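All remarks here apply to the structure that follows.
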Amino acid sequence: MITTVQQHILREQQALPEAQGTFSWLLSGITLATKMIQARVRRAGLEDVLGAMGETNVQGEEQQKLDVFANQALLDSLSVRDGVAILVSEENEEPVMFDRAKDTGRYVIFFDPLDGSSNIDVNVSVGTIFSIYRRPEGLENDAPGAVLQPGYKQVAAGYVVYGSSAILVYTAGRGVYGFTLDPSIGAYVLSYDNMKMPAQGKYYSVNEANADAFPAAYREYLAQLRRGDLGKEYSSRYVGSLVADFHRTLLKGGVFLYPPTKSHPGGKLRLMYEANPLAFIAEQAGGMATNGRERILDLQPNSIHQRTPFVIGSKVEMEAFARRTEAVEANADVWAPAI
Ligand code: P6P
């Protein structure tokens, strides 16, 4: 007996009293778009979708053709759902707002349509990340408070990793569930029921090329892992595609870090459509996520594309990181030169 994601969402939305089917209708828009995206990702290179569009996006990054397609697929699938009041995409400088009747446009959705897209041409897994909030009552769509909500207010979050298979992972605040796309029936089928991140893993995941520029606390912590101070031998695994690196961390445990550096004190990853959704999932699975000091989900955003340092993973590694940063930063200049 299979459980499709649609059946699962209908069951989940019973816990969202105000949903009245809107919530499942929204999520079906996201799953539809990801099926279209994965079909194109699977054919990358066959339909001349490789290579750049020759344009750059709001992040100043060269747009890959699949980026543009993925963004359009999500915008098209979600804009026809009248439950959507506002869409915020990594690819769009400004939010897309819809003039809905007051009692219909109830949700705000953030998404990174194709994260890790620079890896497309070398056939490395990429992903779509999404994050869903209620539109605050009494606020107009263009009120800053409509989009600048802290992560703990998310009603749902998830991602699809387009790897050896397409896997959708989502939470609506009552556990984390994984679904594998079965191409023979075109449906996401439950494959991971009530996912829990192992309390400790054996991988740490960070771009070591930047290590000399990390704050002392981060360097000290990585040396601690390498020395085996947490009672385990660690291996380094870094795909360079956030969704792939996080998915492994969720399944196997361990820790992923994108630290701040002097040149990028805010880190690289985006709070609203990368860190917040993954932090919601990690916490629901028993893990933790911080910006190096504070819980990601407590951060009050001040802009929709703001970046944040990002440390996310298993309880044991995250608690060790917190102890290390407290110890080192209590006694040293955060930017002390590399040891
Ligand atoms: P770096 C991909 O471009 C991305 O946005 C994330 O998917 C990934 O985690 C990160 O950047 C990799 O960045 O600086 O290590 O190449």
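Only heavy atoms go into these numbers, but all of them, side chains included; no hydrogens, no water, no symmetry mates. Bear in mind that the values here come from a model prediction, so they are computed numbers and not experimental data. Just so you know, residue 1 is the first one in the sequence shown, and it goes up from there.
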> Passes ring-ring contact (aromatic ring centres under 6.0 Å, His included), Phe110 versus Tyr133? Steps please.
Replying inline: CA-CA 8 Å; Phe110 291 79; Tyr133 293 81; 5.6 Å; yes
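- Phe69 carries Arg40 over the face of its six-membered ring, with the cationic atom under 6.0 Å from the centre and within 45° of the normal.
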> Do Tyr107 and Ile132 pass the side-chain contact (heavy atoms from CB on, under 4.5 Å) test, and can you show the C-alpha distance, the side-chain angles, and the key distance before you say yes or no?
Replying inline: CA-CA 7 Å; Tyr107 294 96; Ile132 304 178; 3.8 Å; yes
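- Of the residues Met195, Gln154, Gln284, the one that meets the side chain to side chain contact (heavy atoms under 4.5 Å, CB included) test with Thr171 is Gln284.
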>> Show, in sequence, the C-alpha distance, side-chain angles and deciding distance for Arg226 and Ser236, and conclude whether the side-chain contact (heavy atoms from CB on, under 4.5 Å) test is met.
In response: CA-CA 9 Å; Arg226 283 193 288 269; Ser236 173; over 6 Å; no
> Is there a side-chain contact (heavy atoms from CB on, under 4.5 Å) between Leu271 and Ile296 once you walk through the steps?
Replying inline: CA-CA 8 Å; Leu271 175 62; Ile296 285 285; 4.0 Å; yes
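- Residues passing the side chain to side chain contact (heavy atoms under 4.5 Å, CB included) test with Ala209 are Asn207, sequence neighbours excluded.
- Looking at residues two or more places apart in sequence or on another chain, you find a ring-ring contact (aromatic ring centres under 6.0 Å, His included) between Tyr273 and His305.
- The closest side-chain heavy-atom distance from Thr290 to Met318 is below 4.5 Å.
- Contact annotation: the side chain of Tyr192 never approaches that of Val169 to less than 4.5 Å [non-hydrogen atoms, C-beta and beyond].
- Residue Tyr218 is tested with Phe321, Tyr204, Phe310 for a ring-ring contact (aromatic ring centres under 6.0 Å, His included); the sole match is Phe321.
- Between Ile312 and Met288 the shortest side-chain heavy-atom distance does not fall below 4.5 Å.
- Under the side chain to side chain contact (heavy atoms under 4.5 Å, CB included) criterion, Glu94 pairs with no residue, sequence neighbours left out.
- Residues meeting the side chain to side chain contact (heavy atoms under 4.5 Å, CB included) test with Arg237, sequence neighbours left out: Tyr203, Ser235, Arg248.
- Considering only heavy atoms from C-beta on, Tyr258 stays 4.5 Å or farther from Leu242 through its side chain.
- Contact annotation: the side chain of Tyr170 never approaches that of Tyr159 to less than 4.5 Å [non-hydrogen atoms, C-beta and beyond].
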>> I'd like to know whether Gln306 forms a side-chain contact (heavy atoms from CB on, under 4.5 Å) with Arg270, so could you lay out the CA-CA distance, the side-chain angles of the two residues, the decisive distance to 0.1 Å, and finally the verdict.
In response: CA-CA 6 Å; Gln306 81 180 61; Arg270 308 289 180 169; over 6 Å; no
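- For Ile86, the side chain to side chain contact (heavy atoms under 4.5 Å, CB included) partners are Val88, Pro95, Met97, Val108, Asn141, Ala146, Val147, not counting sequence neighbours.
- Distance CG/Asp112 to CD1/Ile129: 5.0 Å, rounded to 0.5 Å.
- Under the ring-ring contact (aromatic ring centres under 6.0 Å, His included) criterion, Tyr177 pairs with His8, sequence neighbours left out.
- Side chains of Arg293 and Thr325 form no contact here, defined as non-hydrogen atoms less than 4.5 Å apart.
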